[in-house]
A.B. asks: 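Handing you this structure, nothing more for now.
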Amino acid sequence: MICLLEEMRKQRLEEIKSLREMGINPYPYRYDKEFSSAEIREKYDPVLKAGEVLENEKVSTAGRVMSIRDHGKSAFFHLKDQDGRIQAYIRKNSVGAEKYELFKKYVNVGDILGIKGFPFKSKTGELTIFVEDFEILSKAIRPLPEKWHGLKDKEVIYRQRYVDMIANDESLDKFKTRYKIIRMIREFLNGKGFIEVETPTLVYVTGGAEARPFITHLNVFDIDMYLRIATELYLKRYIVGGFEKVYELGKVFRNEGISYKHSPEFTSLELYWAYADYEDIMNLTEELIEFVVRNTLGTTKVNYQGVEIDFSRPFRRVKMRDFIREKLGVDILEDPDEKMLEVLKKNGVDVPIKSRGHLINKLWDLVEEGVVQPTFLLEHPVDISPLAKRHREDPRVTERFELIIYGREIANAFSELNDPVDQYQRFLDQMKLREAGDEEAQMMDRDFVRALEYGMPPTGGLGIGIDRLVMFLTDSQTIRDVIAFPLVNPKSLDEEIDYGGEEG
RNA sequence: GACCCGGUAGCUCAGCAGGUAGAGCACCUGACUUUUAAUCAGGGGGCCGCGGGUUCGAAUCCCGCCCGGGUCACCA
């Protein structure tokens, strides 16, 4: 009747009780961790030969016990910390009989331990800490996944990421890389004089992208509000207000489907640069991406799902019109809708006659997978770019680009529309679509139009999907693998927890 | 939303000509002072995802549902 997990937990809870009776706090307050596993390795690995001992060097470290190899009157074990793993060696005659008994009886795989001792190298040459004293820093009451195979169950990996991080070193490393990427982005932009700002997450109207929003309620004014779907319109208000280089790194929320490249909550970088146009933004984007990749991975050549992607500048630049004409023999500016429809049908895509923009998007879908190396796709038709300025030389297209890598859109940028009258008209067009039932059409943002009426300088803007970028740099197949705590179905976990009497 | 694959011990997995459940790791007891998937001896542990059906008998066959993964569609 009683399952094994409960038996194990009960056993651990009994041990904790015994420890307390002996006057040992199984959850003490602090520990002087002088060195991380990596710092110890860095310092002593090069200077020690197999079998050598540095008895006068004293070090302390701490981490989670990942394995124990018990030899009776001595034992080897590994500690894992944020930087890696380090082996330790404990011996009855080095810590005393009483302390050694404590280790044997009360220390288990999964516990957090602090150790003090000196470094040496074992016969086989592994750097090891010879333990002279140790302290239990936290007793675990649940067992860890298997030490050899790790945790494989995707469901547990996503629902209990902390277990994944404990059991699978690659998982911890992946998230460390994610935050290094984000640090590099900040470093680059701060170095260029950009100022990191914040905009509201709770908004009265959504804008800056086409997506269905999450709706929430504000009690104090008794109104419905939305979670932002982009940071764009507020960042441009900063530009109106007098900021010239701003960026925001933050979560945006879109109430849409989940796929390997879509998450309802994801991280975006948006930046706006006054007096710049999309050419300037393109150059900045190239430089930013190369900087981030090089400083995160130490190279610009990245293996993604078995394909080498080279992030070194310059990126290829192709006009959307030329690319589609070359691949499909259809001109998205000159040819009539019927011709485009015919080409789509020939390629097995049967679409109802909708807008011209819809047909253009479908044509692009046919060819985008062929774009593997970082490529700027330029000058999208006005029909599919409601937020971008018309091109100064060809009013049928816009001053816009997308960065395509491995067939995926990583960035989107324009010379920003700053004509308030034009902007107002485009909002009106969006509202018509909305009234016709298009839930993703943009909402009228009168305050934003009012801001533009005060005058916004010519401005270039850029948006980057950070999660998708991280996927490339961590060779991750799905966006969930780069989001530490992804959205999961909250099936009820009516697991009753028994802490055994007065415990807890 | 459609189709395909999966759910068995804490973990990784086997078992599916229908006969009432196994291994390794982990855990407990014992031996062992340089191991590293340590080794050796012994032991405990299962609502076989949930519900229904067929059958003398179901982890195994059938139906429905839940959860997860994948492909496609939808969506940017």
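Proteins get letters first, then strands, A, B, ... in listed order; numbering begins at 1 in each. What's counted below: heavy atoms across the whole structure, side chains too, no hydrogens, waters or symmetry copies. Owing to the predicted nature of the structure, the values given are computational and were not obtained by experimental measurement.
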A.B. asks: Any sub-3.5 Å donor-acceptor pair from Ser268(A)'s side-chain atoms to Ile464(A)'s backbone N or O?
C.D. replies: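 Side chain of Ser268(A) to backbone of Ile464(A), a donor-acceptor pair under 3.5 Å: no, none is there.
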A.B. asks: When you get a sec, tell me which of C75(B), C11(B), U33(B) is the closest nucleotide to the side chain of Ser74(A)?
C.D. replies: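 Of C75(B), C11(B), U33(B), U33(B) is nearest to the side chain of Ser74(A).
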A.B. asks: Which part of the nucleic acid, if any, lies within contact of Phe120(A), taking any heavy atom under 4.0 Å across all strands shown: a base, the sugar-phosphate backbone alone, or nothing?
C.D. replies: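 Answer is base: heavy atoms of Phe120(A) come under 4.0 Å of a base.
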A.B. asks: Quiz question: going by heavy-atom distance under 3.5 Å, is there a donor-acceptor pair between the base of U35(B) and the side chain of Gln87(A)?
C.D. replies: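 Pair found.
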A.B. asks: Can you tell me which nucleotide in U12(B), C74(B), U35(B) comes closest to the side chain of Glu146(A)?
C.D. replies: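 Nearest listed nucleotide: U12(B).
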A.B. asks: Please report the distance separating the C1' of C27(B) from the corresponding atom of G19(B), rounded so that it comes out in whole Å.
C.D. replies: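 It comes out at 32 Å once rounded to the nearest Å.
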A.B. asks: Return yes if the base of U33(B) and the side-chain atoms of Asn93(A) contain a donor-acceptor N/O pair under 3.5 Å, otherwise no.
C.D. replies: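 Yes.
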A.B. asks: Heavy atoms under 4.0 Å, any strand shown: does Gln11(A) hit a base, just sugar-phosphate, or nothing?
C.D. replies: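 Counting heavy atoms under 4.0 Å across all strands, the contact made by Gln11(A) is with sugar-phosphate only.
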A.B. asks: For Ser385(A) and Ala388(A), indicate whether the former's side chain and the latter's backbone hold a donor-acceptor pair under 3.5 Å.
C.D. replies: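 It does not hold such a pair.
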A.B. asks: Quick one: does NZ or CZ of Lys99(A) land under 6.0 Å from the six-membered ring centre of Phe134(A), within 45 degrees of the ring axis?
C.D. replies: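 Here Lys99(A) passes the 6.0 Å and 45° test against Phe134(A).
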A.B. asks: Would you classify Glu256(A) as touching base, sugar-phosphate or nothing, given that sugar-phosphate means primed atoms plus P, OP1 and OP2, and contacts are heavy atoms under 4.0 Å?
C.D. replies: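 Sugar-phosphate only.
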A.B. asks: Given G69(B), C28(B), U12(B), which nucleotide is nearest the side-chain atoms of Asn108(A)?
C.D. replies: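 That would be C28(B).
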A.B. asks: Looking at Glu232(A) and Lys236(A), is there a salt bridge between them, counting it only when a charged N and a carboxylate O are closer than 4.0 Å?
C.D. replies: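 Yes, charged N to carboxylate O under 4.0 Å.
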A.B. asks: Please list every donor-acceptor pair under 3.5 Å in which a side-chain atom of residues 200-209 of chain A meets a protein atom from a residue at least two apart or in another chain.
C.D. replies:
none

A.B. asks: Exactly one of Thr128(A), Val47(A), Ile86(A), Leu54(A) should register a side-chain contact (heavy atoms from CB on, under 4.5 Å) with Pro119(A). Which one does?
C.D. replies: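 The residue from Thr128(A), Val47(A), Ile86(A), Leu54(A) that satisfies side-chain contact (heavy atoms from CB on, under 4.5 Å) with Pro119(A) turns out to be Leu54(A).
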A.B. asks: Which part of the nucleic acid, if any, lies within reach of Thr478(A) when heavy atoms closer than 4.0 Å are counted: base, sugar-phosphate only, or nothing?
C.D. replies: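 Counting heavy atoms under 4.0 Å across all strands, the contact made by Thr478(A) is with sugar-phosphate only.
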A.B. asks: Consider the side chain of Glu155(A), meaning its heavy atoms from C-beta on, and name the nucleotide among G68(B), U34(B), G24(B) that approaches it most closely.
C.D. replies: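 Nucleotide nearest to Glu155(A)'s side chain: G68(B).
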A.B. asks: Between C75(B), U12(B), U34(B), which nucleotide gets closest to the side-chain atoms of Ser122(A)?
C.D. replies: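 Among the listed nucleotides, the one closest to the side chain of Ser122(A) is U34(B).
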A.B. asks: With Watson-Crick and G-U wobble geometry limited to distances under 3.5 Å, how should the secondary structure of RNA chain B be encoded in dot-bracket form, using | for bases paired to another strand and [ ] for crossing pairs?
C.D. replies: (((((((..((((.....[..)))).(((((.......))))).....(((((..]....))))))))))))....
A.B. asks: Counting just side-chain N and O atoms, does Lys362(A) come under 4.0 Å of either OP1 or OP2 of C74(B)?
C.D. replies: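 For C74(B), OP1 or OP2 has a side-chain N or O of Lys362(A) closer than 4.0 Å.
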A.B. asks: Could you tell me how far apart Glu101(A) (CD) and G30(B) (C1') are, to the nearest whole angstrom?
C.D. replies: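 Spelled out: CD on Glu101(A) to C1' on G30(B) is 13 Å.
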A.B. asks: What is the distance from CZ of Arg12(A) to P of G45(B), rounded to the nearest Å?
C.D. replies: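 Distance, rounded to whole Å: 18 Å.
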A.B. asks: Counting any heavy atom closer than 4.0 Å, what does Arg468(A) reach on the DNA or RNA strands: base, sugar-phosphate only, or nothing?
C.D. replies: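 Counting heavy atoms under 4.0 Å across all strands, no contact is made by Arg468(A).
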A.B. asks: How far does the C1' atom of C11(B) sit from the matching atom of U35(B), given to the nearest Å?
C.D. replies: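 So the two C1' atoms sit 23 Å from each other.
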A.B. asks: For the C1' atoms, the ones on A17(B) and on A58(B), what distance do you get once it is rounded to whole angstrom?
C.D. replies: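 It works out to 15 Å between them.
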A.B. asks: When the P atoms of U8(B) and G46(B) are compared, how many Å lie between them, rounded to an integer?
C.D. replies: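 The answer is 16 Å between these two P atoms.
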A.B. asks: What is the distance, rounded to the nearest whole Å, between atom CG of Leu344(A) and atom P of A73(B)?
C.D. replies: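 Spelled out: CG on Leu344(A) to P on A73(B) is 13 Å.
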A.B. asks: Syn or anti for A17(B), please, going by whether the chi angle lies within 90° of 0.
C.D. replies: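 Syn for A17(B); the angle stays within 90° of 0.
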A.B. asks: Just how far, in rounded Å, is C1' of A37(B) from CE of Met66(A)?
C.D. replies: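 Interatomic distance, CE of Met66(A) to C1' of A37(B): 13 Å.
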A.B. asks: Leu5(A) side chain: which of G10(B), U34(B), C28(B) is closest?
C.D. replies: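 Between G10(B), U34(B), C28(B), the one nearest the side chain of Leu5(A) would be G10(B).
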A.B. asks: Taking atom C1' in both C48(B) and C61(B), what distance in whole Å separates the two?
C.D. replies: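 The same atom, C1', in both gives a distance of 15 Å.
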A.B. asks: Can you check the Gln477(A) CD to U71(B) C1' distance for me, whole Å?
C.D. replies: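 Atom-to-atom, Gln477(A) to U71(B), this comes out as 12 Å.
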A.B. asks: To the nearest angstrom, how far is Ile141(A) atom CD1 from C27(B) atom C1'?
C.D. replies: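 Computing the Ile141(A):CD1 to C27(B):C1' distance gives 15 Å.
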A.B. asks: Could you give the distance from NZ (Lys147(A)) to CE (Met66(A)), rounded to the nearest 0.5 Å?
C.D. replies: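 Separation between the atoms: 11.0 Å.
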A.B. asks: Roughly how many Å is it from NZ in Lys154(A) to P in U12(B), rounded to a whole number?
C.D. replies: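 The answer, rounded to whole Å, is 12 Å.
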A.B. asks: Nucleotides 38-40 of chain B: which of its N/O atoms have a protein N/O under 3.5 Å away?
C.D. replies:
from: A38(B); atom 1: OP1; to: Lys147(A); atom 2: NZ; distance (Å): 2.1
from: A38(B); atom 1: OP2; to: Arg69(A); atom 2: NH1; distance (Å): 3.3
from: A38(B); atom 1: N6; to: Asp70(A); atom 2: O; distance (Å): 2.8

A.B. asks: Salt bridge check, Glu155(A) against Arg159(A): does any charged N sit closer than 4.0 Å to a carboxylate O?
C.D. replies: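 Here Arg159(A) pairs with Glu155(A) in a salt bridge, since their nearest N and O are under 4.0 Å apart.
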A.B. asks: With Arg316(A) as the cation and Phe376(A) as the aromatic partner, state whether NZ or CZ is under 6.0 Å from the six-membered ring centre and within 45° of the axis.
C.D. replies: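 Relative to the ring axis of Phe376(A), which defines the angle, Arg316(A) lies outside at least one limit.
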A.B. asks: May I ask you to decide whether Lys121(A) forms a salt bridge with Glu52(A), counting only side-chain N to carboxylate O separations under 4.0 Å?
C.D. replies: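 So Lys121(A) does not pair with Glu52(A) through a salt bridge.
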A.B. asks: When the ring planes of Phe77(A) and Phe103(A) are compared, do they come out parallel, tilted or perpendicular, using 30° and 60° as the limits?
C.D. replies: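 Tilted: the ring planes of Phe77(A) and Phe103(A) meet at 30° to 60°.
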A.B. asks: On RNA chain B, compare the nucleotides closest to Lys104(A) and Pro143(A); which residue's is nearer the 5' end?
C.D. replies: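 Its nearest nucleotide lies further toward 5', so the answer is Pro143(A).
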A.B. asks: How is Asp365(A) classified with respect to the nucleic acid when contacts are heavy atoms under 4.0 Å: base, sugar-phosphate, or nothing?
C.D. replies: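 Base, at least one base atom sits under 4.0 Å.
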A.B. asks: Of Phe130(A) and Gly150(A), whose closest RNA chain B nucleotide lies nearer the 5' terminus?
C.D. replies: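 On the 5' side of the pair lies Gly150(A).
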A.B. asks: Is it true that Lys389(A) and Glu416(A) have a side-chain N and a carboxylate O under 4.0 angstrom from each other?
C.D. replies: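 No salt bridge links Lys389(A) with Glu416(A).
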A.B. asks: By the 4.0 Å heavy-atom rule, please label Arg254(A) as base, sugar-phosphate, or nothing.
C.D. replies: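 Arg254(A): backbone/sugar contact only, no base atoms under 4.0 Å.
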A.B. asks: To the nearest angstrom, how far is Lys152(A) atom NZ from G6(B) atom C1'?
C.D. replies: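 So the two atoms are 15 Å apart, to the nearest Å.
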A.B. asks: Quantified in whole Å, what is the C1' atom distance between nucleotide G57(B) and nucleotide C13(B)?
C.D. replies: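 It works out to 27 Å between them.
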A.B. asks: Is there a side chain to side chain contact (heavy atoms under 4.5 Å, CB included) between Arg85(A) and Asp169(A) once you walk through the steps?
C.D. replies: CA-CA 9 Å; Arg85(A) 296 182 186 221; Asp169(A) 291 352; 3.0 Å; yes
A.B. asks: Could you work out the separation of U54(B) and A59(B) based on their P atoms and round it to a whole Å?
C.D. replies: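 One P to the other, the span is 16 Å.
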A.B. asks: Could you work out the separation of A2(B) and A9(B) based on their P atoms and round it to a whole Å?
C.D. replies: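 Going atom to atom, P in each nucleotide, I get 30 Å.
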